[in-house]
Structures are given as C-alpha cells and as structure tokens.
Amino acid sequence: MVRMVSLTEVLGRPPRVLVSCSAGMSSSLIARQLSREVRARGLEWHVRCMSIEDAWTEPDSFELLLLGPQVMYRVADLERHFGNRVLVSCIEKASYAFCDADALVRQVEGLLEEYARTRLPALRTGSGGQGKFGSIVGACGSQDCCASDVRR
C-alpha cells in the first residue's frame with residue numbers, strides 16, 4: 001500500500017499561492033477570503049497577493065499564480081516567463097466576482113494537484129502515472145474557467 005503524502009511534505013514547506021491582478025487591489029480581497037477559508041479548513045497553504053508586475057519579478061516565491069479574470073490575457077506571457085517553476089492559472093470568473101472562498105479552495109486544490117503531477121514528475125507512482133498526493137487531490141469541476149484558450 002502506498003502512503004499518501006501531502007505537497008507540504010514533498011516541498012518541505014506549505015505550498016505558496018499568489019493571487020494577482022493589475023494593481024493588486026481586487027486580488028487582495030480574494031486573497032483575504034481565500035486565506036480565511038484555508039485557515040478555517042486547517043489547510044497548510046501560504047496565500048498572499050501582489051500586482052502582476054511585482055509577481056513578474058519574484059518567480060521563486062510561489063508555486064501557483066492565480067490571476068484575476070481581467071488579466072487573463074497575460075497567462076501565456078507569464079507561463080513563458082516562469083517556465084516549469086510556477087503554475088499559472090486564471091481564477092474562475094464567478095468565484096472572482098462573488099469572492100466565493102469555497103469555490104476558490106476547490107480550484108486551488110485541483111491546481112496544486114496539477115502542480116504536483118506536472119512539476120514534480122519524479123514523485124509519480126509506478127501504477128498508471130497516478131500521483132500519491134492524497135491530501136491535495138481535488139478539482140474545481142468547472143468547465144467555465146476563464147477563456148477556452150487559457151484553460152489548463
């Protein structure tokens with residue numbers, strides 16, 4: 001039987017999530033709601049926010065960059081800039097508009113699982129390529145995330 005491990009165990013620290021938008025003002029509200037929900041659920045994530053321009057200069061300070069829908073046009077540029085070090089994704093429009101912390105947590109869970117699966121390939125199991133990250137498995141389940149050309 002394979003022991004389930006968390007991304008925190010693999011990284012040696014809690015995963016870091018950065019929420020970003022044009023100037024960092026609306027993303028600060030989202031980050032605050034996400035942080036509250038993360039604490040309430042007892043999850044080990046560091047959540048912070050900053051403007052997209054500031055995020056550009058700090059590629060080693062986070063694993064996941066969540067962009068506000070208003071800057072989704074920057075996804076491809078950011079993916080090229082950060083390479084495999086950072087997973088870049090767009091916050092679902094409804095979650096952003098309504099500051100829906102529950103939906104945000106579900107989306108981040110799925111993205112952290114994707115990060116583990118795609119950025120940490122040496123940690124895959126030998127059976128079918130399934131990851132062994134039991135405490136972070138999840139998915140947002142939405143097919144309406146941002147635009148189809150930037151979906152992950």
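Both backbone and side-chain heavy atoms feed into the values below; hydrogens, waters and symmetry mates do not. By convention here, the first residue in the shown sequence is residue 1.
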Using residues 11-18 as the side-chain source, report each donor-acceptor pair under 3.5 Å to any protein atom, sequence neighbours left out, with the distance given to one decimal.
residue: Arg13; atom: NH1; partner: Glu63; partner atom: OE1; Å: 3.2
residue: Arg13; atom: NH1; partner: Glu63; partner atom: OE2; Å: 3.2
residue: Arg13; atom: NH2; partner: Glu63; partner atom: OE2; Å: 2.8
residue: Arg16; atom: NE; partner: Glu63; partner atom: OE1; Å: 3.4
residue: Arg16; atom: NE; partner: Glu63; partner atom: OE2; Å: 3.4
residue: Arg16; atom: NH1; partner: Asp60; partner atom: O; Å: 3.3
residue: Arg16; atom: NH2; partner: Asp60; partner atom: O; Å: 3.3
residue: Arg16; atom: NH2; partner: Glu63; partner atom: OE2; Å: 2.7

- Distance in Å, Leu104 CG paired with Glu109 CD, rounded so as to fall on 0.5 Å steps: 11.5 Å
- Check: Glu92 side chain, Gln107 main-chain N or O, donor-acceptor pair, under 3.5 Å: no
- Query: Which value, rounded to the nearest 0.5 Å, describes the distance between Leu112 atom CG and Arg119 atom CZ?
  - Reply: 11.5 Å
- Evaluate the side-chain proximity of Gln70 to Ser26: yes if any heavy-atom separation is below 4.5 Å, no if none is. yes
- Message: Could you see if Leu29 belongs to whatever hydrophobic cluster contains Ile91? Use Ile, Leu, Val, Met, Phe, Trp, Tyr and a side-chain cutoff under 4.5 Å.
- Response: no
- Item | Atom pair SG (Cys90) and CZ (Arg74), whose distance is rounded to the nearest 0.5 Å | 13.0 Å
- Point-to-point distance, once rounded to the nearest 0.5 Å, from CG of Leu111 to CZ of Arg106: 12.5 Å
- Looking only at side chains, do Glu114 and Ser89 share a donor and an acceptor under 3.5 Å apart? no
- Taking atom types as modelled, find out whether Ser27 and Tyr96 have a side-chain donor-acceptor pair closer than 3.5 angstrom. no
- Give a yes or no on whether the ring-centroid distance for Phe62 and Phe82 is below 6.0 angstrom. yes
- Message: If I take atom OG from residue Ser61 and atom CZ from residue Arg85, how far apart are they, to the nearest 0.5 angstrom?
- Response: 10.0 Å
- State yes or no: do Tyr73 and Val88 share one hydrophobic cluster built from I, L, V, M, F, W and Y residues joined by side-chain heavy-atom distances below 4.5 Å, directly or via other members? yes
- Query: What residues, two or more places apart in sequence or in another chain, satisfy salt bridge (charged side-chain N to carboxylate O under 4.0 Å, His left out) together with Glu44?
  - Reply: none
- Query: Any side-chain heavy atom of Leu67 sitting closer than 4.5 Å to one from Leu78?
  - Reply: yes
- Item | Beyond-backbone contact of Cys99 with Ile30, side-chain heavy atoms, under 4.5 angstrom | yes
- Look up atom OG in Ser20 and atom CG in Leu65, then write down how far apart they are to the nearest 0.5 Å. 5.5 Å
- Query: Does the pair Glu58/Arg48 count as a salt bridge with the N-to-O cut at 4.0 Å?
  - Reply: yes
- Those residues that, when tested against Asp54, pass salt bridge (charged side-chain N to carboxylate O under 4.0 Å, His left out) (two or more places apart): none
- Item | Minimum side-chain heavy-atom gap Leu64-Tyr115 below 4.5 Å | no
- Is it the case that one hydrophobic cluster holds both Met25 and Val19, taking links as side-chain heavy atoms less than 4.5 Å apart, direct or via other members? no
